[in-house]
Amino acid sequence: MEIKKCGIDDAEKLAALNRELIEDEKSGNSMTLPELCERMKSFLAGNYEAYFFFEGSELAGYALVDATQNPPYIRQFFIVRRMRHRGLGEKAFRILKKTLRADVLELDVLPWNERGMKFWQKMGFKEAHYRLRLEQGE
């Protein structure tokens, strides 16, 4: 597996992958693809770095990381659907961790995303805190 740092020109492809991530984790984000693209551009113009993961010549996934935080924060991590169940998520995470040169990392997992939670626990993550949200009118 190889990792490639993304640039602003990759925002459209990253946004399309982000749309799939949103669908898979059932996050409730209703942004359109153009809105996701603009948001991705603003991430990349700010503190975030994005990386594509390639298995051979095939795009296997991506990660979006704020490496300026201490510890670095993984905002998005995604393996494309057709590439799953081959151990590529583990490979991608290991190469990302090596690229970031980080012994400590943080990320959020939606509470109903059991597959995501199991994956990250398998990678060695443990619960650090709970983030709660109050929605208007509740």
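Just so we're clear, the structure is a prediction, and the values are computed from it rather than from any experiment.
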| Taking every non-hydrogen atom, the tightest pair across K41 and A11 | CG-CB, 3.5 Å
| ring pair (Phe, Tyr, Trp, His ring centres under 6.0 Å) pairs, two or more places apart, involving residues 19-48 | F43-Y48
| message | Check this for me, if you would: do E90 and R94 make a salt bridge, where the nitrogen-to-carboxylate-oxygen distance has to be below 4.0 angstrom? | response | yes
| message | Students often mix this up, so state it plainly: with edges at 30° and 60°, are the rings of F125 and W120 parallel, tilted or perpendicular? | response | perpendicular
| query | Would a distance-only check, ignoring hydrogens and angles, find a side-chain to backbone donor-acceptor pair under 3.5 Å from D24 to L21? | reply | no
| query | Under the salt bridge (charged side-chain N to carboxylate O under 4.0 Å, His left out) criterion, do K91 and E55 qualify, and how do the steps go? | reply | CA-CA 10 Å; K91 281 174 142 180; E55 183 68 10; 3.4 Å; yes
| message | Would you say L14 ends up clustered with F54 if hydrophobic residues are merged whenever their side chains have heavy atoms under 4.5 Å apart, either directly or through other cluster members? | response | yes
| query | Is any NZ, NE, NH1 or NH2 atom of the basic residue among E58 and R82 found under 4.0 Å from an Asp or Glu carboxylate oxygen of the other? | reply | yes
| request: Determine whether more than 12 heavy atoms belonging to other residues, nucleotides or ligands lie under 6.0 Å from atom CD of Q121. | output: yes
| Mind checking whether L96 and L105 have side chains closer than 4.5 Å, heavy atoms only? | no
| message | Could you check whether any side-chain heavy atom of Y62 comes within less than 4.5 Å of a side-chain heavy atom of N18, counting everything from C-beta outward? | response | yes
| query | With distance as the sole test, does W112 use its side chain to make a donor-acceptor pair with the main-chain N or O of K26 at under 3.5 Å? | reply | yes
